[in-house]
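Note sheet for the following structure.
Each chain gets a letter, A, B and so on, in the order the sequences are listed, and its residues count up from 1.
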There are 2 protein chains.
Amino acid sequence: MGTEGTRPVTLQSIADQLGLHVSTVSRVLNAKRGESGRAASPATVERIRRLADELGYQPNPHATSLRTRRSNLVGVLVPRLSDIVLATIYEGIEEAAAEQGLSTFVTNTGDAPEAQRARTRMVIGRRVDGMIFGDAHADSHFLDEVAGRGVPFVLVNRRAGKHPSVTCDDYLGGRLVAEHLLALGHDNVAVIAGEPYASTGQDRTNGFVDRYREAGIDVPGRRIVHSPFDAAGGHAAAERLLDDGARPSAIFAVNDFAAIGTIGALRDRGIRAGSDVAIVGFNDTPLAAELPLPLTTIRSPMHEMGRRGIQMLARLLAGEPVEPELLRPRLIVRASSDPALYAQLGLVTEAARPRE
Amino acid sequence: MGTEGTRPVTLQSIADQLGLHVSTVSRVLNAKRGESGRAASPATVERIRRLADELGYQPNPHATSLRTRRSNLVGVLVPRLSDIVLATIYEGIEEAAAEQGLSTFVTNTGDAPEAQRARTRMVIGRRVDGMIFGDAHADSHFLDEVAGRGVPFVLVNRRAGKHPSVTCDDYLGGRLVAEHLLALGHDNVAVIAGEPYASTGQDRTNGFVDRYREAGIDVPGRRIVHSPFDAAGGHAAAERLLDDGARPSAIFAVNDFAAIGTIGALRDRGIRAGSDVAIVGFNDTPLAAELPLPLTTIRSPMHEMGRRGIQMLARLLAGEPVEPELLRPRLIVRASSDPALYAQLGLVTEAARPRE
DNA sequence: CGATGCTACCCAAACGATTGGCCCAAACGT
DNA sequence: ACGTTTGGGCCAATCGTTTGGGTAGCATCG
């Protein structure tokens, strides 16, 4: 199907073959299946449609965008696509964008303000209709500038200021973790809090600390260390934590990868994660359940966040008003924090051995 | 900087303000810094340039593409972006594309032939200059069709037929793993071989099996099980493997995530990965080193693969001839297979405890 | 002094699609 | 019989750039 190598079929070429004017063809092909009555006679409509999909006609998006001043393109900025959290969110974005007739493209900023500016400029240069930021910095005024430029956008994963956003209820997530650890009797806890400028880390930490405070327990500042959202970052942060003062009985890492890095750091010091120190992560990435030490974590609706993000943007583009959305997190208890499950893990090991 | 909300600046608007013709402005702005002599007088050149970047002029890519019939756009297909291997490759692609003045966008196919067709059609509809496939199926003729359509493309990660590709030397990688396990005395081994249609899994498995055969050891067919390239897939495959026949002393999973899933499956059966069964993965993803049980694996140059892929495509677009590229893998030995390291892991645990 | 060659620009035709008008013929109303 | 609809299309401008050709004015040359 479709001619090969040669020039793509255009409205003009269809019109010529049918002895019609290009505008007629355009109207017919653009009419929704139902309301093609205005455009041409039923017979003509049929001829046009038949030839168009026989030739595999696809409108030239550059021509369309040029003429209509609408690209149906959305640019997405993320810190790193190789972070599975952002990759999953982007999958949601792309999936739902297609349903809305929008195209998307994504680019890394590494969370660096300079790169955010440069990439945003590049994205706008591509004449997008809107943007989605997955790398918002809570403290920066950059987004206000973008808003001033008149580019519609939505924030996902992280919120900032009053800009429209779709996020997980991170504060609640932090509280859920605190409740879980309180119930297990932990009164000496620490937090690996992520990057200081990310609302995710801030909110999760605040929820956690607030809930502990409500229980009459203070989590001192030096028990809260910041770190990049990856395994290496979690590893380094855990080392700083352990170098400084008595060992906590539980560590809440605001990100699964940071949690894995924490486990690595503990392992290197001969401390057994799960029994000596309880570990809780955040996000419930697909690995959490498969780890040698299954990880207690908060399940956040990453894919859904992406979907809602683009839907919100679509509403924005349609001129409708939007409200920030907060998605519900859920605690998933596994062996890394639960003594019973941990023991069971050990017991199974012993019990199963004779089976062979 | 730049006016806000209003219509973007065009060549026309610049020309008007300067009392020049749009074509003059176009030529000046398109000339490389050196050779602007032909276009206009030095004074005029200066005036144009100054005004252009004072107004923050950015050419309208739709107009440019429409006129030049070149979009400088590259479409990338991957099985899943939330697979860190593909995400990392794509990061390399995007990075190097920017250096070449190319833009890229990526889309998931889930490795499903139907989706591959549909997405390819969509990508071509966006009038890309070329494509990169990260999801090639070795057995399919689909790529031949695409080639017949005259769309230039390059394969990354997986190869297929004689199409230009940039891959890791997976066969060699498989041999390296075999050599490592042979040296450790394993003669009862199994392979979790990935998807049957992926050259990565095929080559890694073949290299492994061939090397074993050279050592006089046959790896029987039922010791080779296929699986998706993720943790859940590895888990399921490992279960099938364990359900059927005697336990191997070592398992080679052709992907780190499958290896992690394998560890999970072993754990569930009370078998200790690393001591009861040696485990080797592939790719050396950032987690491999941080796992509670550090994972022996093959480091593959994922980022570089992406970079080379786009560079090869650029050469193709320039009409230059290209040769398939094979990148060198490297064995990284960790505790999951090395008894000494494993013991050390355990020893550290015991030794360190008094330290507290 | 006419031919030639620069220099420094301008002209206009694309590229492919959209869209507000316009127009002709047949049908209709009275 | 004649004005009015209306069905069915056609016209042409337009979006912003690029690019193959001019061309006017001046200097140079033989």
- Message: Using side-chain hydrogen bond (donor to acceptor under 3.5 Å, both in side chains), reason through Ser71(B) and Arg127(B) one step at a time and then give a plain yes or no.
- Response: CA-CA 7 Å; Ser71(B) 60; Arg127(B) 300 301 198 270; over 6 Å; no

- Chi angles and distances behind the side-chain hydrogen bond (donor to acceptor under 3.5 Å, both in side chains) call for Tyr90(A), Thr104(A): CA-CA 9 Å; Tyr90(A) 182 68; Thr104(A) 65; 2.8 Å; yes

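OP1 or OP2 of dC15(D) has not a single side-chain nitrogen or oxygen of Ser65(A) nearer than 4.0 Å. Applying the 4.0 Å criterion to OP1 and OP2 of dG16(C), one finds that Tyr57(A) has every side-chain N and O outside that range.
With 3.5 Å as the limit, one finds a donor-acceptor pair spanning the side chains of Thr44(A) and Ser41(A). For the residue pair Arg119(A)/Thr107(A), the side-chain donor-acceptor check at 3.5 Å is satisfied. Checked by atom type, the side-chain pair Glu195(A)/His137(A) shows no donor-acceptor distance below 3.5 Å. For the residue pair Glu91(A) / Asn108(B), a side-chain donor-acceptor distance below 3.5 Å is found, with atom types taken as modelled.
In this structure, CG of Asn72(A) is placed 14 Å from C1' of dA17(C), rounded to the nearest angstrom. With rounding to whole Å, Leu11(A) atom CG is found 15 Å from dC15(D) atom C1'. Following rounding to the nearest Å, Leu29(A) (CG) and dA17(C) (P) show an atom-to-atom distance of 10 Å. As rounded to whole Å, 11 Å separates atom P of dC10(D) from atom CG of Asp16(A). We find that CG of Asn30(B) is positioned 12 Å from C1' of dG16(D), with the value rounded to whole Å.
Between the side chain of Thr88(A) and the main chain of Ile84(A), a donor-acceptor pair closer than 3.5 Å is present.
A salt bridge links Glu325(B) with Arg315(B): the closest approach of a Lys/Arg side-chain nitrogen to an acidic carboxylate oxygen falls below 4.0 angstrom.
Consecutive Watson-Crick or G-U pairs involving DNA chain D, each under 3.5 Å on both distances, make up stems of three or more pairs at C:1-30 with D:1-30.
Residue contacts shown for Ser26(B) include a base, since a base heavy atom lies under 4.0 Å away.
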Sort me out a list of protein N/O and nucleotides 10-15 of chain C N/O pairs below 3.5 Å, or just none if empty.
from    : atom 1 : to       : atom 2 : distance (Å)
dC10(C) : OP2    : His21(B) : N      : 2.6
dC10(C) : OP2    : Thr24(B) : OG1    : 2.8
dC10(C) : N4     : Arg27(B) : NH2    : 3.2
dC11(C) : N4     : Ser23(B) : OG     : 3.0
dA14(C) : N3     : Arg67(B) : NH1    : 3.4
dC15(C) : O3'    : Arg69(B) : NH2    : 3.2
dC15(C) : O2     : Arg67(B) : N      : 3.3

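Legend: residues meeting side-chain contact (heavy atoms from CB on, under 4.5 Å) with Pro59(B), ordered by chain and number and at least two apart, are Tyr57(B), Thr64(B).
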